[in-house]
Structures are given as structure tokens and as C-alpha cells.
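Heads up: the structure comes next, in C-alpha cells.
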Amino acid sequence: MPSDARILIVDDHQDTLYALESALAPLGYLLGRATSGDEALKQVLRGQVGLLLLDVRMPGVSGLDVVRYMRRVEQTQHIPVILLTGFGPDHHLTSAAFALGVADLVMKPIDPWALRTKVRYLFDAHQRHLALEHEVRALHALVKDHPESGGPRPALPHPDTRVPLQRAQGAHNGKLEQDRT
């Protein structure tokens, strides 16, 4: 797992950034901050963001705009996003957010315990996913570079050829048992 992956917290209000950082600090993850959608996109594109906590409504580039852009770029399309809103339930926002593949939509004020649980799960799952992708790429490279990988693979017996033999032996043994009695 990349040890320098961090959680990026994005909100245009400094007090909200501070509150979110305080809520997440006990988890021990690296935290980053941004105060606008533009700044968030720049940091995400630089890499090493493992999770995004993103305010929906910000001046300029909104949280939904950030997610729309991230989903179009291969290197950022799988980063988990938790959207934050202080404007209460909104069916249109909820539909748009989940259509873009956000992991969750959380209402402010935020319950720190619930947020830590969601963040821990999403961040760790994403890091495990990245580690598995890395391992698969390494295994593919090993197989590709292995001198025997280009040749034919040994033929395995077809499963249908073994099953009737086992059945025939069992049937034969059963018949012998009956003949003996």
C-alpha cells in the first residue's frame, strides 16, 4: 500500500476543514486540504489521494463538477468520494451524486464516529484494491518475461474422461460385492 496516500478534505470554509481534520486525526492517516474545487482537482491529478471528502456547494467549481471530471480521467476515476452537504436532503443532488459513483453523501453537521468508520473502510478498501492491482501487474510481467510462457501448456485430462472411470469402478465394485453375498 502506498504509505504516502492521503485523504483530501475539500471545503471553502476554514472552520469546516478544521472540524473534519480534527474528526479524522485519530485514524492516523495523512490528511490534505483544499479550499476550492480547482485546488482539489490539481491535488488529485498530482496523485497520492486515496479518498476525497468533498463539499458539494463551493464557489466556482462545485463538488459535483470535481467528481464529473475525476470520473473521466483514468488515473482518478476509482478514487472514492464522500460528498458533504449542509443544505439538507435533496433528491436531485442525491441522484446526481450516486449516478457519478460517489461512495456516500453525508449531511452536515457530521457525526465524527460515523465519518471515521466510513473513511476507514473506504480508504483501506481502496488501498487494498490498488495493492492487488499492483500485484496482478507484477505477476503478468513475470509470466510475460518467463521463458517457458510462450510455449504450449501441458494438456490436462478432460474431466469427463475421469468421471466415468470412477463411476465404472464403483459400479463394478458394487457388483462384485453383490455377487459375493
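Among residues at least two apart or in separate chains, there is no salt bridge (Lys or Arg N to Asp or Glu O under 4.0 Å) pair with a member in residues 74-85. Pairs engaging residues 6-40 under the ring pair (Phe, Tyr, Trp, His ring centres under 6.0 Å) rule: Tyr29-Phe123 [sequence neighbours left out].
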request  = Verify salt bridge (Lys or Arg N to Asp or Glu O under 4.0 Å) between Lys118 and Asp111, making sure each step is shown before the conclusion.
outcome  = CA-CA 11 Å; Lys118 291 174 187 189; Asp111 175 359; over 6 Å; no
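Just one of Leu122, Val119, Leu31 meets the side-chain contact (heavy atoms from CB on, under 4.5 Å) condition when paired with Leu53; it is Val119.
Hydrophobic clustering of Ile, Leu, Val, Met, Phe, Trp and Tyr side chains at less than 4.5 Å, counting indirect connections, keeps Leu24 apart from Leu8. Residues Met107 and Ile110 do not share a hydrophobic cluster, defined by chaining ILVMFWY side chains whose heavy atoms lie under 4.5 Å apart. Cluster annotation: Leu51 and Leu27 are assigned to the same hydrophobic cluster (Ile/Leu/Val/Met/Phe/Trp/Tyr, side-chain heavy-atom contacts under 4.5 Å, transitive). Ile7 and Ile79 sit in two unconnected hydrophobic clusters of ILVMFWY residues. Membership requires side-chain heavy atoms under 4.5 Å apart, directly or through other members. Hydrophobic cluster membership is shared by Leu105 and Leu100, with clusters built from Ile, Leu, Val, Met, Phe, Trp and Tyr side chains linked at under 4.5 angstrom.
Applying the side chain to side chain donor-acceptor pair (under 3.5 Å) rule to Thr35 yields the partners Glu39; only residues at least two apart in sequence or on another chain are considered. Under the rule for a ring pair (Phe, Tyr, Trp, His ring centres under 6.0 Å), Tyr69 has no partner lying at least two apart in sequence or in another chain. For His129, the side chain to side chain donor-acceptor pair (under 3.5 Å) partners at least two apart in sequence or on another chain are Glu133. Residues that satisfy the salt bridge (charged side-chain N to carboxylate O under 4.0 Å, His left out) test with Arg33, not counting sequence neighbours, are Glu21. Residues passing the salt bridge (charged side-chain N to carboxylate O under 4.0 Å, His left out) test with Arg68 are Asp65, sequence neighbours excluded. In this structure, Lys42 has no salt bridge (charged side-chain N to carboxylate O under 4.0 Å, His left out) partners at least two apart in sequence or on a different chain. With sequence neighbours excluded, no residue satisfies salt bridge (charged side-chain N to carboxylate O under 4.0 Å, His left out) with Asp12. The side chain to side chain contact (heavy atoms under 4.5 Å, CB included) test applied to Ala19 returns no partner, not counting sequence neighbours.
When all heavy atoms of Ala34 and Gln43 are compared, the pair lying nearest together is CB-NE2, 3.9 Å. Across every non-hydrogen atom of Val49 and Val44, the tightest pair is CG2-CA, 4.0 Å. For the residue pair Pro112 and Ala23, the shortest heavy atom distance occurs at CB-CB, 3.9 Å. Of all the heavy atoms in Pro26 and Ser22, the pair that sits closest is CD-O, 3.5 Å. Taking all atoms of both residues into account, the shortest heavy-atom contact from Arg71 to Val81 is NH2-CG2, 3.8 Å. Scanning both residues, Thr76 and Met70, for their nearest heavy atoms gives OG1-O, 2.7 Å.
One N or O on the side chain of Gln75 and one on the backbone of Leu45 form a donor-acceptor pair closer than 3.5 Å.
No side-chain heavy atom of His140 sits under 4.5 Å from any side-chain heavy atom of Val143. You'll find the side chain of Val67 stays beyond 4.5 Å of the side chain of Leu52, heavy atoms only.
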Per-pair distances, 0.1 Å, donor-acceptor, side chain in residues 82-90, under 3.5 Å, sequence neighbours excluded:
{"unit_1": "Thr85", "atom_1": "OG1", "unit_2": "Phe87", "atom_2": "N", "d": "3.3"}
{"unit_1": "Asp90", "atom_1": "OD1", "unit_2": "His92", "atom_2": "N", "d": "3.0"}
{"unit_1": "Asp90", "atom_1": "OD1", "unit_2": "Leu93", "atom_2": "N", "d": "3.2"}
{"unit_1": "Asp90", "atom_1": "OD2", "unit_2": "Arg57", "atom_2": "NH2", "d": "3.4"}

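Here the CG atom belonging to Asp11 is positioned 11.0 Å from the OG atom belonging to Ser36, to the nearest 0.5 angstrom.
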